[in-house]
Protein chains: 2
Amino acid sequence: MQNPDKQENTVKILGEIDRMIHEPARLMIMAYLYVIESADFVFMMRQTGLSKGNLSSHLSKLESAGYVDIRKEFVKKIPRTFLSLSQTGREAFDRYQQQMKLFLTELP
Amino acid sequence: MQNPDKQENTVKILGEIDRMIHEPARLMIMAYLYVIESADFVFMMRQTGLSKGNLSSHLSKLESAGYVDIRKEFVKKIPRTFLSLSQTGREAFDRYQQQMKLFLTELP
DNA sequence: TAATATGGTTTGCATTACAAACTAGTATTA
DNA sequence: TAATACTAGTTTGTAATGCAAACCATATTA
């Protein structure tokens, strides 16, 4: 270890990592929304492999956190739920990504 | 998105990420042991900022998983717990690090 | 010897992730 | 038109988790 302090600090980042994003299921959801801008519930279910119950509850949490916007519409009389990342969500994801990248790359 | 399939696959890695390591407290522990080879309980407590109860239970889990070796000694009549990463633990950490790095860097 | 410190482990609790069960509407078949 | 099945989700129940408070054993100090 060349610079112990630096090492220390990058590890300690984890102490305050955003768990709303860190959870793998939600990290998948956020990652998809980060790149594709908009998706619906069924698409997200297929992509992530999450059960609908599980997906639904993770989405509710992300919505409560203000990270994901959820818009419900009827398309040809069947309900459809559209998902997109909010600005806050995008910023939080950027921060998460930056912190984890730093942590992972600073390790020898 | 230039290559959707590639994108898809790197996100889906998260579906099978090693949660034993992914948990931030344990990730800290593993990261320290990864670089410093050996540490004791008190040192780890100070470095990670975890409470002793919490540290103790995370260590037990890592030990059960076979990722961390725990050696208890008496040093001048006071107990001391030495921690080190097992070979399995090191390999698991390598894998985790590689997967997360890939996931994080493949995102635009 | 009572009180305090050290180095942990165990216990209890609140939170979580997850899928099964349920709801509500549409389409299809008998 | 009654019954059945499908679609698109939400709610509910439960097992597992993370966490610190409480506890335990020994050592040291007043």
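Every chain is numbered from 1, with letters handed out A, B, ... down the list of sequences.
The NE2 atom of B:His22 sits 8.0 Å away from the CG atom of B:Leu27 when rounded to the nearest 0.5 Å. In this structure, the separation between CD1 on A:Ile21 and CD on A:Gln99 is 9.0 Å, given to the nearest 0.5 Å. Taking CG of B:Leu104 as the start and OG1 of B:Thr10 as the end, the distance is 9.5 Å to the nearest 0.5 Å. Note: A:Arg95 CZ to A:Met100 CE = 15.0 Å, rounded to the nearest 0.5 Å. Distance check, rounded to the nearest 0.5 Å: CE of A:Met44 to OG1 of A:Thr48 gives 7.0 Å. For the atom pair OG1 of B:Thr81 and CG of B:Leu83, the computed distance is 7.0 Å after rounding to the nearest 0.5 Å.
One finds a side-chain N or O of A:Ser56 lying less than 4.0 angstrom from the OP1 or OP2 phosphate oxygen of D:dT10.
B:Ser86 places a side-chain N or O within donor-acceptor distance of the main-chain N or O of B:Tyr67, the cut-off being under 3.5 Å. Panel note: side chain B:Glu73, backbone B:Val75; no donor-acceptor pair is recorded below 3.5 Å.
Atom pair B:Phe74:CZ and C:dG7:C1' shows a separation of 10 Å (rounding to whole Å applied). Straight-line distance from the CE atom of B:Met45 to the C1' atom of C:dG8: 9 Å, rounded to whole Å. As rounded to whole Å, 13 Å separates atom P of C:dC18 from atom CG of A:Leu59. If you take CE of B:Met44 and P of C:dT9, they are 14 Å apart, rounded to a whole angstrom. The CG atom of A:Leu27 sits 17 Å away from the C1' atom of C:dT16 (whole-angstrom rounding). Taking atom CG of residue A:Leu55 and atom P of nucleotide D:dT11, one finds them 14 Å apart after rounding to whole Å. Here the C1' atom of nucleotide C:dG7 and the CZ atom of B:Phe43 are 17 Å apart, to the nearest Å. Atom CE in A:Met20 sits about 12 Å away from atom C1' in C:dT15, given to the nearest Å.
Ring geometry, A:Tyr34 versus A:Phe93: the interplanar angle falls from 30° to 60°, so the pair is classed tilted.
Shortest non-hydrogen contact noted between B:Met45 and B:Leu50 is CG-O, 3.3 Å.
An end-to-end axis angle of 30° holds for the helix from C:dT1-D:dA30 to C:dA30-D:dT1, taken from five base pairs per end and rounded to 10°.
Annotation: cation-pi pair B:Arg80/B:Phe41 absent, no NZ/CZ under 6.0 Å from the ring centroid and within 45° of its normal.
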Pairs: protein N or O with nucleotides 16-18 of chain D N or O, under 3.5 Å:
from   : atom 1 : to      : atom 2 : distance (Å)
D:dG18 : OP1    : B:Glu23 : OE1    : 3.3
D:dG18 : OP1    : B:Arg26 : NH1    : 3.2
D:dG18 : OP1    : B:Arg26 : NH2    : 2.9
D:dG18 : OP2    : B:Arg26 : NH1    : 2.9
D:dG18 : OP2    : B:Lys61 : NZ     : 2.8

Set out, line by line, the N/O atom pairs under 3.5 Å between protein and nucleotides 2-6 of chain C.
none

